[in-house]
Amino acid sequence: MEEERRSIKGYEGIYDITRSGRIIIVKNNRVRHRSGNEYGYVNVHLRKNGERKLYKTFELWQKSFAEIDPSEYKGMQ
């Protein structure tokens, strides 16, 4: 079964975030991760129209999954 994922507000069609907190690049359906830890991002840079912005991953998750208990978030807070 595939994990639920939703578009990140303002980045629809570019990035998705999963129910557990992984950031997915829609274009190639790849998870952004570092050092072998798929939940390793506290902060993440997102790009759109040539501009790069820094966001807290947990805050992006909260906006997309406001109705979900925060204990389901597996990333680092």
CA sep, side-chain torsions, deciding dist, call: R6, E67, salt bridge (Lys or Arg N to Asp or Glu O under 4.0 Å): CA-CA 13 Å; R6 298 180 184 174; E67 74 285 358; 2.8 Å; yes
Minimum side-chain heavy-atom gap [X]-[Y] below 4.5 Å:
X	Y	result
Y73	T57	yes
E72	F65	no
I14	L46	no

Kindly say whether S71 contributes a backbone atom to a donor-acceptor pair with the side chain of D69 at under 3.5 angstrom?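 Flag set: sc D69 to bb S71 pair under 3.5 Å.
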Closest heavy-atom contact between [X] and [Y]?
X	Y	value
G13	S7	N-OG, 4.2 Å
I8	S64	CA-OG, 4.3 Å
Y15	R32	CE2-CD, 4.3 Å
W61	R19	NE1-O, 2.8 Å

For S20, the option from K74, E3, R5 that meets side chain to side chain donor-acceptor pair (under 3.5 Å):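 That would be E3; it is the only one of K74, E3, R5 passing the side chain to side chain donor-acceptor pair (under 3.5 Å) with S20.
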Could you measure the distance from the CG atom of N43 to the NZ atom of K53? Nearest 0.5 Å is fine.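 Taking CG in N43 and NZ in K53, the distance rounds to 15.0 Å.
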Return the CG to CG distance between L60 and D16, rounded to the nearest 0.5 Å.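 Reported value, rounded in 0.5 Å steps: 12.0 Å.
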Is I17 linked to V26 within one hydrophobic cluster, defined over Ile, Leu, Val, Met, Phe, Trp and Tyr using a side-chain heavy-atom separation of less than 4.5 Å?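 Result: no, two separate clusters.
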Using the test side chain to side chain contact (heavy atoms under 4.5 Å, CB included), find all partners of K63 that sit at least two apart in sequence or belong to another chain.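 Once residues adjacent in sequence are excluded, K63 has no partner under the side chain to side chain contact (heavy atoms under 4.5 Å, CB included) criterion.
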N28, CG: over 12 other non-hydrogen atoms inside 6.0 angstrom: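 For N28, atom CG is crowded (more than 12 foreign heavy atoms under 6.0 Å).
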